[in-house]
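Lettering of chains follows the sequences in order, A, B, ..., and the numbering in each one begins at 1.
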Amino acid sequence: MPELPEVETIRRQLAEKIIGRKLDGREITDVRRRAKILIFDFNDGTSLIFHLKLTGQLIFNGKSSPYTRKVFNFDDGSQLIFNDVRKFGWWKKVKGTKEIEEKFGPEALEINLKTFSVLLSKRLNSRIKPLLMDQKFIAGIGNIYSDEILFAAKVHPLRRVKTLGKKEIGDILKNIRKILKEAIRRHGSSVRDYFDAYGEKGDYAKYHKVYQKEGEKCLRCGAIIARIKIGGRSAHFCPKCQPYVNFYLRRG
DNA sequence: CAATCGTCCTGCGGGC
DNA sequence: TGCCCGCAGGACGATT
């Protein structure tokens with residue numbers, strides 16, 4: 001479920017609520033995010049890290065439910081509830097976060113065009129959608145936003161990197177920034193289980209243009225949105241706006 | 001290096 | 001109506 005915009009929304013909300021509060025006597029000094037991982041730093045140098053995977057929720061002063069897997073009790077009586085229907089999510093205490101943070105590629109909202117281009121040039125035979133979702137390549141993008149980004153950039157999800165022109169690479173990066181930022185502004189996409197740290201839904205799903213729009217008309221050209229499987233995952237795209245190109249095109 | 005598949009787990013919605 | 005099957009936003013490891 002949660003991709004970068006959803007985790008970032010939760011991070012911002014929790015930072016406001018829990019920095020300065022204490023868990024078991026240790027004070028929270030910072031709430032950070034790396035890729036889709038949420039990090040609470042404590043004043044003793046330890047950290048508590050979370051991955052929400054598909055259905056995890058972290059709700060401040062929420063009420064517990066049959067899907068509550070953990071309740072974190074702050075010293076002042078407030079609570080943080082971890083719900084997780086499918087139980088794929090996890091949390092753990094660590095002494096430092098360096099090792100974990102180094103596993104990921106650059107943050108999607110921090111990478112510049114030069115770095116992005118250099119990284120792409122090392123993966124010329126990869127298909128673009130799975131690559132954008134590869135956290136070791138670039139961190140924070142999942143299935144929803146990769147579909148939306150590629151639609152906005154007019155790039156077919158199966159295109160191999162070596163067939164992409166400079167303009168297309170620039171358009172992909174521009175839309176990574178644009179779409180992720182807009183989604184953060186809308187508090188993320190509530191497709192099914194996602195709720196923010198206040199237990200409220202994000203608004204961005206209603207701006208999705210291709211994700212879960214199979215059979216609907218493309219808002220840009222009127223063609224019918226298609227869905228295919230790529231490595232077991234659904235990819236949604238407009239076959240007319242995002243034509244499949246299997247050879248190099250010189251495009252400015 | 002690239003791609004696919006199985007795996008963790010539960011609920012929901014479509015189709016019959 | 002009711003049941004069964006396939007599918008779901010993530011990510012890892014094994015295999016080819």
Side-chain angles (χ1 to χ4, degrees), chain A residues 1-10 33-38 49-58 65-70 82-92 99-105 108 118-151 156-164 176 179-180 183-184 186-196 201-216 226-237 244 246:
Chain A
M1 126 169 109
E3 304 180 32
L4 185 152
E6 290 77 27
V7 181
E8 179 63 18
T9 297
I10 293 169
R33 179 189 57 75
R34 174 77 172 105
K36 302 172 189 171
I37 304 247
L38 196 62
I49 64 176
F50 300 84
H51 198 310
L52 302 179
K53 290 291 182 88
L54 297 180
T55 58
Q57 305 171 340
L58 274 173
S65 76
Y67 303 117
T68 298
R69 292 178 58 200
K70 176 78 178 173
F82 187 100
N83 297 325
D84 188 15
V85 170
R86 286 171 72 183
K87 299 180 183 172
F88 292 162
W90 50 262
W91 63 92
K92 64 179 169 185
E99 197 180 329
I100 293 145
E101 294 190 59
E102 282 174 353
K103 286 194 323 184
F104 299 109
V118 168
L119 289 179
L120 283 172
S121 72
K122 296 175 182 171
R123 301 293 293 271
L124 292 176
N125 271 319
S126 295
R127 299 194 188 270
I128 188 64
K129 176 178 163 83
L131 189 59
L132 290 180
M133 293 169 62
D134 180 348
Q135 304 303 300
K136 289 186 283 301
F137 178 75
I138 183 172
I141 299 169
N143 209 31
I144 296 176
Y145 295 105
S146 57
D147 278 355
E148 295 298 321
I149 288 162
L150 291 174
F151 173 78
H156 191 290
L158 284 174
R159 292 276 299 279
R160 290 186 195 273
V161 170
K162 64 186 172 194
T163 74
L164 299 174
I176 285 174
I179 287 174
L180 295 181
I184 291 169
R186 300 281 177 184
H187 290 183
S189 301
S190 285
V191 172
R192 184 172 284 182
D193 298 282
Y194 169 71
F195 290 92
D196 68 20
K201 293 191 173 192
D203 222 14
Y204 193 71
K206 67 179 173 214
Y207 302 99
H208 291 174
K209 296 192 170 62
V210 285
Y211 179 74
Q212 287 192 342
K213 304 288 184 190
E214 182 189 15
E216 296 182 28
R227 178 167 73 122
I228 58 173
K229 286 279 179 191
I230 305 177
R233 312 298 302 277
S234 290
H236 311 77
F237 63 99
Y244 183 57
N246 196 20

Seminar exercise, completed: note: K229(A), atom NZ; dG6(C), atom P; distance rounded to Å ~ 12 Å

Exercise. Is there a donor-acceptor pair under 3.5 Å between the side chain of R123(A) and the backbone N or O of N125(A)?
Worked result: no

Exercise. Taking any strand in view, what nucleotide pairs with dC9(B) in a Watson-Crick or G-U wobble way, both distances under 3.5 Å?
Worked result: none

Exercise. Between dG10(C), dA8(C), dA2(B), which one does the side chain of R233(A) approach most closely?
Worked result: dG10(C)

Exercise. Among dA8(C), dA3(B), dG10(C), which is the nearest nucleotide to the side chain of K53(A)?
Worked result: dG10(C)

Exercise. Within the structure shown, what part of the strands sits under 4.0 Å from Y211(A) by heavy-atom distance: base, sugar-phosphate, or nothing?
Worked result: sugar-phosphate

Exercise. When the distance from CZ of F137(A) to P of dC12(C) is rounded to whole Å, what number comes out?
Worked result: 16 Å

For this session: Could you please name the option among dG10(C), dC12(C), dA3(B) that lies closest to any side-chain atom of N143(A)?
Result: dG10(C)

For this session: Taking only the side-chain heavy atoms of R123(A) (C-beta and beyond), determine which of dG11(B), dG10(C), dA2(B) contains the nearest atom.
Result: dA2(B)

Problem set entry | C1'-based separation of dG2(C) from dC9(B) [nearest Å] | 24 Å

For this session: Take atom NZ of K92(A) and atom C1' of dA11(C), then tell me their distance rounded to the nearest Å.
Result: 13 Å

Problem set entry | Geometric class of the F50(A)/F82(A) ring pair [parallel <30°, tilted 30-60°, perpendicular >60°] | parallel

Exercise. Just to confirm, is there a sub-4.0 Å distance from OP1 or OP2 of dG10(C) to any side-chain nitrogen or oxygen of H51(A)?
Worked result: no

Exercise. Between L124(A) (CG) and dA2(B) (C1'), how many Å, whole number?
Worked result: 13 Å

Exercise. How far does the P atom of dC7(C) sit from the matching atom of dT4(B), given to the nearest Å?
Worked result: 16 Å

Exercise. With nearest nucleotides of DNA chain B determined for R160(A) and Y67(A) from heavy-atom distances, which residue corresponds to the more 5′ nucleotide?
Worked result: R160(A)

Exercise. Which nucleotide in the list dG11(B), dC12(C), dG10(C) gets nearest to the side chain of V85(A)?
Worked result: dG11(B)

For this session: Determine the interatomic distance between P on dC5(B) and the same-named atom on dG6(C); round to the nearest Å.
Result: 15 Å

Exercise. Taking the six-membered ring for Trp, does F88(A) stack with dA11(C) (centroid gap under 5.5 Å, planes within less than 30°)?
Worked result: no

For this session: For the residue pair E3(A) and Y194(A), confirm or rule out a side-chain donor-acceptor distance under 3.5 Å.
Result: no

Exercise. Heavy-atom distance under 4.5 Å between the side chains of Q57(A) and V85(A), does that happen here?
Worked result: no

Exercise. Counting side-chain heavy atoms from CB outward, which of dA8(C), dC9(B), dA3(B) is closest to S234(A)?
Worked result: dA8(C)

Exercise. Roughly, in whole Å, what's the span from CZ in R86(A) to P in dC9(B)?
Worked result: 11 Å

For this session: Take atom CG of L54(A) and atom C1' of dA8(C), then tell me their distance rounded to the nearest Å.
Result: 7 Å

For this session: Return the value, rounded to whole Å, for the distance between atom CD of Q57(A) and atom P of dG11(B).
Result: 13 Å

Exercise. Between the side chains of R86(A) and T55(A), does any donor sit under 3.5 Å from an acceptor?
Worked result: no

Exercise. Just how far, in rounded Å, is P of dG10(C) from CG of D147(A)?
Worked result: 10 Å

Exercise. Across the strands shown, which category fits R227(A) at heavy-atom distances under 4.0 angstrom: base, sugar-phosphate, nothing?
Worked result: sugar-phosphate

Problem set entry | Parallel, tilted or perpendicular: rings of Y207(A) and Y204(A) (30°, 60°) | tilted

